[in-house]
2 protein chains.
Amino acid sequence: MAKVPGISESEWKVMKVLWARSPLPSNEIIEALADKEDWHPNTVKTLLARLHKKKAVGVQKEKNHYLYSPLVSQADCVQTESESFLMRVFGGSVKPLLMHFVDKQKLSSADLEELKSILKKKK
Amino acid sequence: MAKVPGISESEWKVMKVLWARSPLPSNEIIEALADKEDWHPNTVKTLLARLHKKKAVGVQKEKNHYLYSPLVSQADCVQTESESFLMRVFGGSVKPLLMHFVDKQKLSSADLEELKSILKKKK
DNA sequence: ATTTTAAAACTACCGCTGTAGTTATGAGCA
DNA sequence: TGCTCATAACTACAGCGGTAGTTTTAAAAT
């Protein structure tokens, strides 16, 4: 899997917008984020610039404005983040991690069923 | 559950030592970390000072030297970190998270069995 | 063609992080 | 009692992250 650059908390929020739909001009990205975050438009621009610099997003010049798209896949980023979280917090052991989340977070019984069937297939 | 201060990556490594055994004098902490990390002793001291400042570890003056102990529990820190990870990377949905880890990380079949039985009890 | 305006680009600033050098302090030893 | 040595305390500094102000550019409108 592709090596992805480090992506900060705020940058993730920008990436999520682009993973959901792209390419997008900055104003639409800003708008999409306005819902969730209370950010100055320039803040989003800065984040886009940083993401561009580290090659996490690409820009295409479209006559007067730019269009942004992800250059790294969400799956790769999720993988990278998960790995790092697993190491840092659970010392690399998946089982305690799973037990933690099964235990501490509320799962519907439908979720439980689904999980069980996945585990069954997995075996 | 107690609100814990933000604990950085390197600080976590120090906390792990103290969660495993405490109270400890700085030299033993430094020694314990020497195995895993290639840090200058002063680096560890700085980390301890920062953790002390943010009240994540306490110090007791023991004649000439200090003894350090955690003031926040590992469980609370794990909980806080997990929550933040869940939000950031999986948008708050536990099921995709679980599926990711079941899928992407290698689990022994013993692990799978154990998980299944936990799920069974959980239901 | 000049003015207005939106977006892009550049600059800024503070607090946190990783990493460590430097200085002060106090206790044991000579 | 003065010297030495470990340890604690203070200082440093560059890079990142969150946040946004200022300047430039180029297109649209008059």
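Please read all numbers here as calculations on a predicted model, not as lab measurements. Just so we're on the same page: letters track the sequence lines, and every chain starts at 1.
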Would you list the pairs meeting salt bridge (Lys or Arg N to Asp or Glu O under 4.0 Å) in which at least one residue belongs to residues 18-27 of chain A, sequence neighbours left out?
Arg21(A)-Glu28(A)
Set of side chain to side chain contact (heavy atoms under 4.5 Å, CB included) partners for Thr46(B), sequence neighbours left out
Arg50(B)
Expressed in angstrom and rounded to an integer, what is the separation of Tyr66(A) atom OH from dA27(D) atom C1'?
14 Å
Taking only residues two or more places apart in sequence, or in another chain, which ones meet Ser73(B) in a side chain to side chain contact (heavy atoms under 4.5 Å, CB included)?
Ala75(B), Asp76(B)
For the pair made of CD in Glu31(A) and P in dA6(C), what is the distance, rounded to whole Å?
14 Å
All salt bridge (charged side-chain N to carboxylate O under 4.0 Å, His left out) counterparts of Glu31(B), not counting sequence neighbours
none
For Leu48(B) and dT7(D), give me the distance from atom CG to atom P, rounded to whole Å.
13 Å
Lys61(B) NZ - dG26(C) P separation (whole Å)
7 Å
Linking I/L/V/M/F/W/Y whenever any side-chain heavy atoms sit under 4.5 Å apart, do Leu67(B) and Leu71(B) land together?
no
With a 4.0 Å heavy-atom cut-off, tell me which residues in residues 13-29 of chain B come close to DNA chain D, sorted by residue number.
Ser26(B)
Let me know the distance between CD of Glu37(B) and P of dG18(C), rounded to the nearest Å.
11 Å
Just list the side-chain donor-acceptor pairs under 3.5 Å for residues 4-20 of chain B, sequence neighbours left out, or say none.
{"residue": "Ser8(B)", "atom": "OG", "partner": "Glu11(B)", "partner atom": "N", "Å": "3.4"}
{"residue": "Glu11(B)", "atom": "OE1", "partner": "Ser8(B)", "partner atom": "N", "Å": "2.8"}
{"residue": "Glu11(B)", "atom": "OE1", "partner": "Lys54(B)", "partner atom": "NZ", "Å": "2.7"}
{"residue": "Glu11(B)", "atom": "OE2", "partner": "Lys54(B)", "partner atom": "NZ", "Å": "3.2"}
{"residue": "Lys16(B)", "atom": "NZ", "partner": "Arg88(A)", "partner atom": "O", "Å": "2.9"}
{"residue": "Trp19(B)", "atom": "NE1", "partner": "Val72(B)", "partner atom": "O", "Å": "2.9"}

Provide the closest heavy-atom pair for Val59(B) versus Tyr66(B) in the form atom of the first, atom of the second, distance.
CB-CD2, 4.0 Å
Rounding to an integer number of Å, can you tell me how far Lys53(A) NZ sits from dC10(C) C1'?
12 Å
Gap between atoms CG and P, on Leu51(A) and dA9(C) respectively (whole Å):
14 Å
Who passes ring-ring contact (aromatic ring centres under 6.0 Å, His included) against Tyr68(A), sequence neighbours left out?
none
When the distance from CD of Gln60(B) to C1' of dA8(D) is rounded to whole Å, what number comes out?
16 Å
Restricting to salt bridge (charged side-chain N to carboxylate O under 4.0 Å, His left out), what partner residues turn up for Lys55(B), sequence neighbours left out?
none
Where protein sits on nucleotides 16-21 of chain D, one letter per nucleotide: B base, S sugar-phosphate only, - none, heavy atoms under 4.0 Å:
-BBBBB
